[in-house]
There are 2 protein chains.
Amino acid sequence: MSSRKRARVKLAEVAEAAGVSKMTASRVLNNGKGFSEETRDRVMAEVHRLGYMHDRMAVAFSSHSSSTFVGVSIPDLGNEVFAQVLEGIERRLNSSGYQAVLCVSQYDTASVDSWIERVLQWRPAGLIVTGRNHSEQGRKLLRQADVPVVELWDLNTSPLDLSVGINHYDSGYAMGRFMVERGHRTMAYIGTHHDTAHSAKSRFQGWQSAIQDGGGTVEDTYVLKDTPGFYGGYYATEQMLSRTADLDAIYYQNDNMAAGGLMFAQSRGLSVPGDLGIAGWGDLPISAILPQRLTTMHVAHLKLGQKAADSILAAIKGKPVEEVTSIDFRFVPGETI
Amino acid sequence: MSSRKRARVKLAEVAEAAGVSKMTASRVLNNGKGFSEETRDRVMAEVHRLGYMHDRMAVAFSSHSSSTFVGVSIPDLGNEVFAQVLEGIERRLNSSGYQAVLCVSQYDTASVDSWIERVLQWRPAGLIVTGRNHSEQGRKLLRQADVPVVELWDLNTSPLDLSVGINHYDSGYAMGRFMVERGHRTMAYIGTHHDTAHSAKSRFQGWQSAIQDGGGTVEDTYVLKDTPGFYGGYYATEQMLSRTADLDAIYYQNDNMAAGGLMFAQSRGLSVPGDLGIAGWGDLPISAILPQRLTTMHVAHLKLGQKAADSILAAIKGKPVEEVTSIDFRFVPGETI
DNA sequence: TTGAAAGCGTTACCAA
DNA sequence: TTGGTAACGCTTTCAA
């Protein structure tokens, strides 16, 4: 109420107050060399006294440099997995002085494209995009922008620029083989349409191959059009068991769906894995409180995000970077298969 | 590999190619008025042909305008509730052409402060900060920056600028009263230290008042130093039941913790609510698959985020805004109290 | 160690 | 409907 909108203090005022030129003040602020200690102290004193705030917009403009923004696109924050990945990214970026500019795409390619276009206009230092299903338009924009890009989540052996991800196919195959080894033969899969095209599908394909290689069959698949969550798993299990008889086991897109399946089984008095085997993916927090330890695949989601941030930061700073970074997964035996 | 880093096409080149002045080209790009349709077509043709990209940095600089960035600070993405809030914010901002610049603070005030300082240097259009426990430093920065600020989550009746939140105290009181009405007397609370100081504490205080007003007592509280999740609820319930006898019911910080408690009770063969009543908060997805419907409080988290975005957008555009926006909660009776 | 002048790409402002 | 010129706040570059 009391203060009228004061014009922002500018460097020239600081310089004048300190009795030096703009350039000297600028050098002090940028921790450069070329000024006496006494000069530095005088300038900094004025900076604090006047409450000077560096105008990074002007800096970026004048010096033709990038911003400290890194665009990060994620499909869905309702999916715990991506929330974790994002947190990993943000922490690492933040501690290096960069800021994440977020896009929650809802798996909509067009909206990612328009976000990419808009964010590129702000001279971002880099971009991290989840998934590799870019449209031609998006791909073109990313290529012509002279900006480091990390494709996250799916391992992409010939990335646009950099890739940090998981070999989803292999993780699916490993689970499928285990399920067969435990004696299951008649199988089904429950998942969702989303999950950025490749990844869940790759897991499914790897898993399917393992089942077939082991002499089992995939009798049914149920694909929801929703985020892969608890209720989806519960509901789809109910549907599936009512339409397909004699299933040995179900492989779920992730642990939250599998938890839904397990709770459904419990509600019907089915014994797991005797009557029905259940396998998840992700080793998510829910598995800690279920009546049985879930058979799943551990993935370090936070670490995945951090690695992505590491890659983009290295590229930004012109340091050498691995083009492709593969994040491990680890089998968690559990009690449900 | 093939293309050497071409200098970015600038407006002057477009203008020249189209045979008009920079100003005319600028007007066309900004959808202003003051040019013939033919001129527009010629300019746009060159824009596409040359692949011109608007340099928003230069725009913001020259026109003294803000960026399209809105700083958003959130304490923790491992907490589903905040992930939902953030998604609500981001969707709304994005569809209005603004971008969220993220800070995941881990409840660390100092890190929020330094983020605020850095993000303000980029002339953000506005800021949305979760919680109202700003440090003096942060408060000062926010005040002197001439930028709209929304304080989110806790309802703050005398906000720095704008507030969008929930009356946590009342929601706690409502639950406490219900628990007493259902005959519970000897109560306990399980929560975490975090949750941005006020909110969970306010719920606890409201709840406690209701218990006391109803003639009950709060026998025990268990406060974890962790994000409020499934396992925390499970573990704390185990600890609490082993140290405090004859509890009628436990009020949890949120549904995920309550789900942990419920699963623990189930694992020990306790009947709910007969042996132990359980109440949660938030109406989170987990409640859909539990063996019993959870007694909880529904909060529209996504909507809360959207309202916050609406407030900041209105303020940015200079439209009239309610200083304080209260988001409703709704009691969900359930079967666990 | 310091400073003066030019320039970054765009829009505001005024003139035609 | 157009265009010229100044201005935005800082850094680069060159000179002292």
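By convention in this document, chain letters (A, B, ...) are assigned in the order of the sequence lines, proteins followed by strands, and residues within each chain are numbered from 1. Values below: all heavy atoms of this structure, side chains included; hydrogens, waters and symmetry mates excluded.
Heavy atoms from other residues, nucleotides or ligands lying under 6.0 Å from NZ of B:Lys317 number more than 12.
Between B:Ser63 and D:dC8 there is no side-chain polar atom (N or O) within less than 4.0 angstrom of OP1 or OP2. Contact check, A:Tyr52 against D:dG9: no side-chain N or O comes under 4.0 Å of OP1 or OP2. Taking side-chain N and O atoms only, A:Thr24 has a distance below 4.0 Å to OP1 or OP2 of C:dG3. The phosphate of D:dT11 has OP1 or OP2 within less than 4.0 Å of a side-chain N or O from A:Ser26.
There is no side-chain donor-acceptor pair under 3.5 Å between A:Glu151 and A:Ser163. With 3.5 Å as the limit, one finds a donor-acceptor pair spanning the side chains of B:Ser21 and B:Thr24. In summary, the side chains of A:Thr227 and A:Asn79 do not present any donor paired with an acceptor at a separation below 3.5 Å, with no hydrogens or angles considered.
No side-chain heavy atom of B:Leu162 sits under 4.5 Å from any side-chain heavy atom of B:Val149.
Checked by distance alone, B:Arg56 brings no side-chain donor or acceptor within 3.5 Å of a matching partner on the base of C:dG9. Judged by distance alone with a 3.5 Å cut-off, no donor-acceptor contact links the side chain of B:Arg8 to the base of C:dG9. In terms of polar N and O atoms assigned as donor or acceptor, the side chain of A:Ser62 never comes within less than 3.5 Å of the base of D:dT11 in a complementary pairing.
Judged by closest nucleotide on DNA chain C, A:Thr39 is the one of A:Thr39 and A:Lys22 placed further toward the 5' end. Where A:Lys10 and B:Ser21 each meet DNA chain D at their nearest nucleotide, the meeting point lying more 5' is that of B:Ser21.
Atoms CG (B:Leu11) and P (D:dG3) sit 12 Å apart, rounded to a whole Å. In this structure, CE of A:Met53 is placed 15 Å from P of D:dG9, rounded to the nearest angstrom. In this structure, A:His64 atom NE2 and D:dT13 atom P are separated by 12 Å, rounded to whole Å. D:dT1 atom C1' lies 12 Å from atom CD of B:Glu38, rounded to whole Å. The interatomic distance linking B:Trp122 (CH2) with D:dC10 (C1') rounds to 12 Å, in whole Å. For the pair B:Asp55 CG and C:dT11 C1', the computed distance is 13 Å after rounding to whole Å. Separating the CZ atom of A:Arg123 from the P atom of C:dG9 is a distance of 7 Å, rounded to the nearest angstrom. Distance CE (B:Met23) to C1' (C:dA15): 13 Å, rounded to an integer number of Å.
A:Phe61 comes within contact range of at least one nucleobase, with a heavy-atom separation under 4.0 Å.
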